[in-house]
Amino acid sequence: MSEQTFELKGNLFTLSVLHLFSVDITQLRKELDEKISQAPKFFIGAPIVINLAKLHDTNVDFATLKQTLIDLQLNPVGICNGTEQQNEAAKAVKLSVLNYSKDNAKPVQPKQNNTEVVEVEKEVYLPPQIVQTTVRSGQQIYAKNRDLIVLGAVSHGAEVIADGNIHIYGTLRGRAIAGAQGYDEAAIYCQRLEAELVSINGSYWISDSLQGELWGKAAQVKQKNDSLEITALVKG
């Protein structure tokens, strides 16, 4: 008897959701290109789900839309919240139809009845990974199953990633990605916020969205209602 060659399991992966408000693909391409140019390495090959909740009863040119995203080096994998007609049109160009709602982001809970017990595997988080120096441009640090503490700064073009929280005791100028494996309670803390990009559990903002009253100040970033919330690190 031959050994088993694979094991098929369900899992949760972080996908970026493109909430589409218009079928003007020319304008979409222009605006997306501007966004991507601010953090190109983050978006290269990024899997994208197109949310059609705001475009019910609207004809969408999925072939052109799909090719536009591919041309921008994105990876369109499917659509969600479409009508039956939109779903069929998407399938015709090899886009998957996915079920997506805010409830999908909630963690799966163990389920028990008289005949079956389902156990949910829990991640084991390790002591924090500590970086004693500044993370230089071109460097990437990944703290798997743990928090990441950077005692220096994170330079432009540098990237720090953690499955848990990220603490930066210097200036955050590069990219910080916390909750990388789906931990929605993760947070990013930094003494000076000047980031190219911050991301928590798949929600992300790039620099133009960050340049508010806390730009250049001590701040914390958390996920709230499928988006991000930035507050002062020290409250008076």
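Hydrogens, waters and symmetry mates are skipped; everything else that's a heavy atom, side chains included, is used.
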Undergrad: Any chance you could measure N87, atom CG, to N81, atom CG, to the nearest 0.5 Å?
TA: 9.5 Å
Undergrad: So which of E31, R29, K30 actually passes side chain to side chain donor-acceptor pair (under 3.5 Å) with Q27?
TA: E31
Undergrad: If every non-hydrogen atom of P76 is compared with every non-hydrogen atom of L95, which pair is closest and at what distance?
TA: O-CD2, 3.8 Å
Undergrad: Using side-chain contact (heavy atoms from CB on, under 4.5 Å), reason through I149 and L151 one step at a time and then give a plain yes or no.
TA: CA-CA 6 Å; I149 299 174; L151 300 183; 3.9 Å; yes
Undergrad: Other residues, nucleotides and ligands only: do more than 12 of their heavy atoms fall within 6.0 Å of CD on E84?
TA: no
Undergrad: Is the shortest side-chain heavy-atom distance between Q86 and F62 below 4.5 Å?
TA: yes
Undergrad: Suppose clustering is done on Ile, Leu, Val, Met, Phe, Trp and Tyr with side-chain heavy atoms closer than 4.5 Å. Which residues sit in the same group as I70?
TA: none
Undergrad: Are side-chain N/O atoms of T171 and E194 paired as donor and acceptor at under 3.5 Å?
TA: no
Undergrad: Give me the atom names and distance for the closest heavy-atom approach of A143 to Q129.
TA: CA-OE1, 3.4 Å
Undergrad: Within the structure provided, determine whether P47 and V77 are in side-chain contact (heavy-atom separation under 4.5 Å).
TA: yes
Undergrad: List the steps and the verdict of side-chain contact (heavy atoms from CB on, under 4.5 Å) for T58 and T83.
TA: CA-CA 9 Å; T58 303; T83 63; over 6 Å; no
Undergrad: Got V23 and N59 here, is their nearest side-chain heavy-atom distance under 4.5 Å?
TA: no
Undergrad: Kindly write out the residues that satisfy salt bridge (Lys or Arg N to Asp or Glu O under 4.0 Å) with K54, not counting sequence neighbours, or none if the list is empty.
TA: none
Undergrad: With a 3.5 Å cut-off and no angle check, do the side chains of D184 and Q223 form a donor-acceptor pair?
TA: no
Undergrad: Above 12 or not: heavy atoms from other molecules or residues under 6.0 Å from CG of D57?
TA: no
Undergrad: Counting C-beta onward and ignoring hydrogens, is there a side-chain heavy-atom pair between S137 and H156 closer than 4.5 Å?
TA: no
Undergrad: Testing the basics here: between S199 and G202, what is the closest heavy-atom pair and its distance to 0.1 Å?
TA: OG-N, 4.0 Å
Undergrad: Within a strict 4.5 Å, meaning less than it, do heavy atoms of the I79 and V97 side chains meet?
TA: yes
Undergrad: Check whether more than 12 heavy atoms from other residues, nucleotides or ligands sit under 6.0 Å from atom CD of Q85, and answer yes or no.
TA: no
Undergrad: Restricting to salt bridge (Lys or Arg N to Asp or Glu O under 4.0 Å), what partner residues turn up for E196, sequence neighbours left out?
TA: R175
Undergrad: So S155 and T134, do their side chains get closer than 4.5 Å, heavy atoms only?
TA: yes
Undergrad: Would you say the side chain of H167 lies within less than 4.5 Å of the side chain of D147, judging by non-hydrogen atoms?
TA: yes
Undergrad: Tell me if the OH atom of Y142 is crowded by more than 12 foreign heavy atoms within 6.0 Å.
TA: yes
Undergrad: Can you give me the closest heavy-atom contact between A180 and I161, atom names plus distance?
TA: CB-CG2, 3.7 Å
Undergrad: Is a side-chain N or O of E159 found less than 3.5 angstrom from the main chain of A176, in a donor-acceptor match?
TA: no
Undergrad: Quick one: does any side-chain atom of S96 pair with a main-chain N or O of L98 as donor and acceptor, under 3.5 Å?
TA: no
Undergrad: Between G164 and Y183, what is the shortest heavy-atom contact and its length?
TA: CA-CD2, 4.1 Å
Undergrad: I'd like to know if E229 pairs up with K222 as an ion pair, taking the criterion as any Lys NZ or Arg NE/NH1/NH2 lying under 4.0 Å from an Asp or Glu carboxylate oxygen.
TA: no
Undergrad: When Ile, Leu, Val, Met, Phe, Trp and Tyr are grouped by side-chain heavy atoms lying under 4.5 Å apart, directly or through other members, which residues fall in the same group as W215?
TA: V131, V135, I141, L148, V150, V154, V160, I166, I168, L172, I188, L193, V198, I200, W205, L210, L214, V221, L228, I230
Undergrad: Testing the basics here: between A178 and A187, what is the closest heavy-atom pair and its distance to 0.1 Å?
TA: CB-O, 3.9 Å
Undergrad: Which salt bridge (charged side-chain N to carboxylate O under 4.0 Å, His left out) pairs, counting each pair once, include a residue from residues 199-211, with sequence neighbours left out?
TA: K35-D208
Undergrad: Between D163 (side chain only) and N145 (backbone N and O only), is there a donor and an acceptor less than 3.5 Å apart?
TA: yes
Undergrad: Looking at side-chain heavy atoms only, is the closest gap between S227 and N225 below 4.5 Å?
TA: no
Undergrad: Find the distance between OG1 (T231) and NZ (K224) and round it off to the nearest 0.5 Å.
TA: 9.5 Å
Undergrad: Can you list the residues that meet the side-chain contact (heavy atoms from CB on, under 4.5 Å) rule with T64, with sequence neighbours excluded?
TA: I25, D61, T68
Undergrad: Does L74 belong to the same Ile/Leu/Val/Met/Phe/Trp/Tyr cluster as V93, with side-chain heavy atoms less than 4.5 Å apart forming each link?
TA: yes
